[in-house]
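Working notes for the structure below.
Values in this document were obtained by computation on a predicted structure and should not be read as measured data. Sequence lines set the chain letters: A, B, ... in the order given, protein chains first and strands last, and positions in each chain run from 1.
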2 protein chains.
Amino acid sequence: MGVDITPYVGTAFRLLRERTEVSQEDLAFRAGLDRTYVSGIECGRRNPSLKSMQHLAAELSVSLDQVFILARKLAGQTEKLPAQKRVRKPRAHG
Amino acid sequence: MGVDITPYVGTAFRLLRERTEVSQEDLAFRAGLDRTYVSGIECGRRNPSLKSMQHLAAELSVSLDQVFILARKLAGQTEKLPAQKRVRKPRAHG
DNA sequence: CTGTGACTGTTAGTCCGTT
DNA sequence: AAACGGACTAACAGTCACA
């Protein structure tokens, strides 16, 4: 259950930011936040509020759900399941 | 831009909760939160932190991205575009 | 069972600077 | 450009009485 996704959300924000080639400082300014705070979020040391994350996402031109989808992907990658191959059930052709 | 999604996130949580037929009281207890705090979130009067939302989502057996996808849907519905009726071009029946 | 205002302690979030 | 620290203020977490 209780996997703390905070660091993954931070990484997701970082990845999304780097894609736009904007600095933390610049993003922070545009989102109306402090640069040290954005740093703390990306490093997974902070527990940001809904509004803070929304502002960040808005400035990165993504919706919040995209951030969390990415975060969950990142969390999933680290959760090394035993590489179970997806078996596609062949469809009975009738 | 700056559409405040806080109330939509609250509604999303409420919808997700009602789907499971559990009371605020019950959910709050299971998520380790206060009953009135959950109420405040659902009513959009609170600006919850990432961790608060994560606890709630976990108890509702959904991922946070699902919450935000629903929230965005709700926000879209309320964005009443000028009631533009979708005009389906009637297909000439011959 | 749920909504709200008010309250306290904690933390979110800022601003300074250093590495 | 980014991580990190300290001191600071605004806002949130968490709770209660009451509606």
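Atom P of nucleotide C:dG3 and atom CD of B:Glu42 are separated by 6 Å, given to the nearest angstrom. With rounding to whole Å, B:Leu33 atom CG is found 16 Å from D:dC12 atom P. Following rounding to the nearest Å, B:Phe13 (CZ) and C:dT2 (C1') show an atom-to-atom distance of 18 Å. At whole-Å resolution of the value, CD in B:Glu21 and C1' in C:dT2 are 17 Å apart. Atom P of nucleotide D:dC12 and atom OH of B:Tyr37 are separated by 9 Å, given to the nearest angstrom. Atoms CE (A:Met53) and P (D:dC12) sit 12 Å apart, rounded to a whole Å. D:dC4 atom P lies 15 Å from atom CD1 of A:Ile41, rounded to whole Å. Atom CG of B:Leu56 and atom C1' of D:dC12 are 15 Å apart (whole Å).
Between A:Ala57 and A:Ser63 the shortest heavy-atom distance is CB-C, 4.4 Å. Contact between B:Gln24 and B:Arg14 at its shortest, heavy atoms only, is NE2-NH2, 3.4 Å.
At the heavy-atom level, A:Ser52 lies under 4.0 Å from the strands shown only through sugar-phosphate atoms. A:Ser23 comes within 4.0 angstrom of sugar-phosphate atoms only, judged by non-hydrogen atoms across all strands, and of no base. Residue contacts shown for B:Gly32 are absent, as no nucleic acid heavy atom lies under 4.0 Å away. Within 4.0 Å of B:Asp34, counting heavy atoms only, lies at least one base atom of the nucleic acid.
Where B:Lys51 and B:Val38 meet DNA chain C, the nucleotide closest to each residue was compared, and B:Val38 sits on the side nearer the 5' end.
Here the side chain of B:Arg17 pairs a donor or acceptor atom with the backbone of B:Val22 at under 3.5 angstrom.
You'll find a donor-acceptor pair under 3.5 Å spanning the side chain of B:Arg35 and the base of C:dG3, going by distance alone.
For B:Ser49, a side-chain nitrogen or oxygen approaches OP1 or OP2 of D:dA13 to under 4.0 Å. Phosphate proximity of D:dA3 to A:Ser39: present, with a side-chain N or O under 4.0 Å from OP1 or OP2. Between A:Arg17 and D:dA2 there is a side-chain polar atom (N or O) within less than 4.0 angstrom of OP1 or OP2.
Of the candidate nucleotides C:dA12, D:dA17, C:dA6, D:dA17 has the atom lying nearest to any side-chain atom of B:Thr36. Counting only heavy atoms from C-beta on, A:Arg14 has its side chain closest to D:dA2 among D:dA2, D:dA1, C:dT2.
Side-chain atoms of A:Met53 and A:Phe68, non-hydrogen and from C-beta on, do get closer than 4.5 Å to each other. The shortest side-chain heavy-atom distance between A:Leu70 and A:Val62 does not fall under the 4.5 Å cut-off.
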